[in-house]
Peer 1: 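Would you mind keeping the following structure in view while I ask a few things?
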Amino acid sequence: MATLFWFRNGLRVHDNRALLKALDYDLDEKTSCIRNADKKHSALVYPVYILEPDRLKSGLIGPNRVKYLQVKTCHCREAAVDKSAGDPLSKIPKLCADYKVNKLVFERDTDEYCRGRDENIKELMKKCHVQVETYSGHTLWDLDDIMDRSGGQLTKSYGPFVKLLEKMPQPQNRFPSIPTMQGTLDPHMATDPKYDLPNVEDYLQGKEPTTIHKGGESEGLRRLDNYLQDTTRTRVFRKPQTSPIDTHPASTTILSPFMKFGSLSCRTFWHRVNEVYKKGQHSAPPESLIGQLYWREFFYSQGEVALLIPWKGYNENKEDEEKFQAWAEGRTRYPWIDAVMHQLIKHGWMHQLARHCVACFLTRGQLFISWEKGAEVFHKYLLDADYNLNNGNWLWLSASAYYTTYFRVYSPTKFPQKYGKSDGAKFIRQFVPEVAKLPDLYIFEPWKAPPSVQKSSNCVLGKDYPHPIMDAENAKAENMEIMRICYEKKVHGNCSPKEYEDHMALFKIVLAKDYNQYGNGASNKAPRKGQINLETAMQQLAKRTQRQRENN
DNA sequence: TACACAGTTGGAATC
DNA sequence: CGATTCCAACTGTGT
């Protein structure tokens with residue numbers, strides 16, 4: 001009889017408890033040692049990775065991340081996998097029958113979609129009389145343990161969450177890599193072409209990957225080694241002090257893509273950093289390196305109900321759609337915003353603060369378009385795209401949950417200058433060639449450049465380079481007012497249908513009255529802080545519902 | 001129950 | 001230039 005090991009995330013052979021279990025090793029959970037490392041194994045294990053066509057469509061996932069699946073994700077020949085393609089619900093039973101499998105093993109997933117899929121698989125396996133074993137491994141702690149420890153009421157704030165984590169036993173130590181695979185895995189793996197790298201050409205749709213970032217387990221471990229070698233940098237790491245405009249090299253670790261695929265174990269990361277911490281004083285959460293791992297843990301543990309904000313982008317409004325597309329493709333003509341979006345599309349990675357700027361711009365800052373639309377774009381292009389972390393951060397930035405100081409808005413022109421005018425300009429030149437020739441003084445706001453400078457820089461506004469899609473200052477003042485009303489009303493996504501309708505009807509009036517007053521393009525008008533009179537709007541709403549009742 | 005207090009990473013004006 | 005203060009006043013948590 002045989003075991004099927006299903007790789008999904010957790011694409012590694014180091015610290016892989018589920019894989020060791022599939023290989024029938026006797027693990028000491030306290031010390032993370034293998035008790036029977038020398039044991040001769042009789043059962044065969046077939047490792048597989050299933051390319052799911054529905055999830056690899058080009059509209060959902062960009063070429064950079066698709067290509068990542070073609071990198072040797074695990075660094076041992078032994079971990080080569082059968083790369084079947086198809087829907088796991090039909091594929092897994094077929095593989096079980098083909099290989100005469102009586103046991104299926106996989107690492108548990110964390111997101112909604114995958115958990116649902118896995119429940120269906122378990123049901124199916126019951127019918128096929130195949131035993132299913134699953135193990136936690138993608139997070140520092142088993143999420144169920146965190147929930148138990150919190151008494152079922154998990155905090156929505158990071159600080160108390162870390163306090164809770166620090167009361168837990170330390171994250172489990174790393175399991176050793178697989179000691180010897182001889183006679184255990186499918187003996188034909190070395191020669192059988194079905195164990196070659198997966199062919200992802202069909203999913204690239206002719207688009208070539210453009211990222212500079214490499215993938216794979218070896219690369220992840222090498223990057224970690226390399227970063228931790230500078231022990232001072234590791235110990236003093238404070239995220240807000242790192243710079244979003246540094247690219248060669250970046251100011252952070254860029255280990256997130258490896259964490260997303262699980263080609264680097266988060267427990268390996270945790271223990272290795274703590275070994276460095278023993279050498280002297282170090283920073284602390286939320287800003288420290290360990291603090292970053294705890295943010296990840298935080299968003300994985302959360303199930304959040306968002307504040308109800310009347311975002312645009314849900315209805316088929318042509319103007320909104322155009323603005324959204326301009327943002328998504330880096331055509332807002334705010335060079336800093338566009339540069340970051342181009343970095344996303346080209347490289348699949350941006351610094352956290354750069355993500356903040358463009359997310360704020362799309363939502364509560366300027367365009368007031370739904371964070372869900374933005375999250376889709378991020379999910380498509382980010383190498384580290386992860387459902388929980390991506391959505392959690394978008395909720396945060398749009399001030400729909402967790403973060404409430406909505407009046408703190410990133411300036412699309414001033415923010416990149418904080419890191420030095422010339423360095424900020426250098427970043428923009430890398431990604432927005434149209435404005436590259438403008439001097440540092442005007443590159444953040446090309447429309448402010450005198451005509452002679454525009455001409456000599458080959459960047460004449462309205463000719464070589466379009467005007468911005470809207471005036472950022474005006475939009476900000478207007479949006480902040482809508483946000484203020486939302487916070488005043490405090491209606492959340494879990495409200496009753498009646499509350500929902502009233503809330504949205506109110507904003508229909510508010511928006512019709514005060515929105516839509518702005519012309520296109522940047523203007524010289526002073527920022528307007530026109531307060532929307534909520535009371536008047538409410539009275540109008542009452543009158544309207546009264547009229548509707550009478551008509552009925 | 002009431003109240004104090006902290007909260008990953010803003011911007012503009014002022015000294 | 002770097003540091004400090006105000007903006008307007010939110011939520012979740014702890015006492």
Side-chain angles (χ1 to χ4, degrees), chain A residues 150-151 153-165 167 236-246 251-252 256 282-299 301-309 334 336-337 340 350-361 363-366 389 392-424 444-445 472-477 479-493 526-527 529 531-532 534:
Chain A
S150 72
Q153 266 296 67
L154 195 59
T155 170
K156 288 173 184 167
S157 300
Y158 178 84
F161 179 74
V162 170
K163 270 189 195 163
L164 179 81
L165 293 187
K167 271 187 237 153
V236 305
F237 183 95
R238 294 178 67 197
K239 189 65 172 285
Q241 315 297 318
T242 60
S243 159
I245 58 171
D246 289 349
S251 61
T252 51
S256 55
H282 54 83
S283 51
E287 299 178 331
S288 64
L289 214 44
I290 290 292
Q292 305 312 304
L293 285 172
Y294 289 169
W295 278 108
R296 182 173 177 271
E297 210 75 357
F298 177 69
F299 284 123
S301 321
Q302 291 288 318
E304 186 47 63
V305 178
L307 188 70
L308 211 50
I309 299 167
Y334 280 87
W336 163 242
I337 300 298
V340 173
M350 321 90 100
H351 187 278
Q352 183 76 349
L353 288 176
R355 301 181 195 204
H356 281 207
C357 287
V358 295
C360 184
F361 189 93
T363 57
R364 66 192 167 84
Q366 272 73 34
L389 309 189
N393 277 299
W394 273 95
L395 281 167
W396 185 293
L397 258 297
S398 62
S400 303
Y402 312 117
Y403 185 77
T404 56
T405 39
Y406 58 85
F407 39 83
R408 289 188 178 174
V409 174
Y410 289 91
S411 162
T413 54
K414 303 282 161 48
F415 189 82
Q417 301 186 51
K418 275 188 13 180
Y419 302 91
K421 251 193 170 65
S422 71
D423 287 348
F444 304 96
E445 300 163 280
E473 282 301 316
N474 278 341
K476 173 177 141 183
N479 295 340
M480 218 185 269
E481 192 56 20
I482 307 288
M483 291 301 288
R484 189 185 65 76
I485 295 173
C486 287
Y487 272 88
E488 197 177 312
K489 301 267 310 176
K490 284 178 210 149
V491 181
H492 287 81
K529 288 206 171 174
Q531 280 239 329
I532 291 165
L534 186 56

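Lettering of chains follows the sequences in order, A, B, ..., and the numbering in each one begins at 1. Remember, predicted model here, so these are calculated numbers, not experimental data.
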Peer 1: Could you work out the separation of B:dT9 and C:dT13 based on their C1' atoms and round it to a whole Å?
Peer 2: 22 Å
Peer 1: Under the salt bridge (charged side-chain N to carboxylate O under 4.0 Å, His left out) test, which residues partner A:R296, sequence neighbours left out?
Peer 2: none
Peer 1: Reading DNA chain B in the 5' to 3' direction, which nucleotide is the first one with an atom under 4.0 Å from a heavy atom of chain A, and which is the last?
Peer 2: B:dG7 to B:dA12
Peer 1: Using atom NZ of A:K418 as one end and atom P of C:dC1 as the other, report the distance to the nearest whole Å.
Peer 2: 16 Å
Peer 1: For A:R408, which residues count as a salt bridge (charged side-chain N to carboxylate O under 4.0 Å, His left out) partner, sequence neighbours excluded?
Peer 2: none
Peer 1: Looking only at atom P, what distance separates C:dC10 and B:dG11, rounded to whole Å?
Peer 2: 22 Å
Peer 1: Which letters describe nucleotides 10-15 of chain C, given B = protein heavy atom under 4.0 Å from base, S = only from sugar-phosphate, - = neither?
Peer 2: BSSS--
Peer 1: Name the nucleic acid region contacted by A:Q352, choosing base, sugar-phosphate or nothing; use a 4.0 angstrom heavy-atom cut-off, strictly under.
Peer 2: base
Peer 1: Report the residues that fulfil ring pair (Phe, Tyr, Trp, His ring centres under 6.0 Å) with A:H356, sequence neighbours left out, ordered by chain and then residue number.
Peer 2: A:Y410
Peer 1: How is A:Y402 classified with respect to the nucleic acid when contacts are heavy atoms under 4.0 Å: base, sugar-phosphate, or nothing?
Peer 2: nothing
Peer 1: A:T242: what forms a side chain to side chain donor-acceptor pair (under 3.5 Å) with it, not counting sequence neighbours?
Peer 2: A:H351
Peer 1: Is the backbone of A:T155 close enough, under 3.5 Å, to the side chain of A:Q302 for a donor and an acceptor to pair up by distance?
Peer 2: yes
Peer 1: Going by the rule side chain to side chain contact (heavy atoms under 4.5 Å, CB included), which residues pair with A:F407 if we only count those two or more places apart in sequence or in a different chain?
Peer 2: A:T405, A:M480
Peer 1: Excluding sequence neighbours, so at least two apart, what forms side chain to side chain donor-acceptor pair (under 3.5 Å) with A:S256?
Peer 2: A:D384
Peer 1: List in chain and number order the residues that pass side chain to side chain contact (heavy atoms under 4.5 Å, CB included) with A:S422, two or more places apart in sequence or in another chain; answer none if no residue qualifies.
Peer 2: A:D440
Peer 1: For DNA chain C, which ranges pair as stems of 3 or more consecutive Watson-Crick or G-U pairs, with both donor-acceptor distances under 3.5 Å?
Peer 2: B:2-7 with C:10-15, B:10-15 with C:2-7
Peer 1: Could you give the distance separating B:dG7 and C:dA8 at their P atoms, to the nearest angstrom?
Peer 2: 23 Å
Peer 1: Under the salt bridge (charged side-chain N to carboxylate O under 4.0 Å, His left out) rule, collect the residues that match up with A:E297, sequence neighbours excluded.
Peer 2: none
Peer 1: Under the side chain to side chain contact (heavy atoms under 4.5 Å, CB included) rule, collect the residues that match up with A:K421, sequence neighbours excluded.
Peer 2: A:Q417, A:L441, A:F444
Peer 1: If you look at every strand shown and take non-hydrogen atoms under 4.0 Å, does A:K414 touch a base, only sugar-phosphate, or nothing?
Peer 2: sugar-phosphate
Peer 1: Strictly under 6.0 Å, is that where the ring centroids of A:F415 and A:F361 end up?
Peer 2: no
Peer 1: Can you tell me, in whole Å, how much space there is between the C1' of C:dA9 and that of B:dA6?
Peer 2: 14 Å
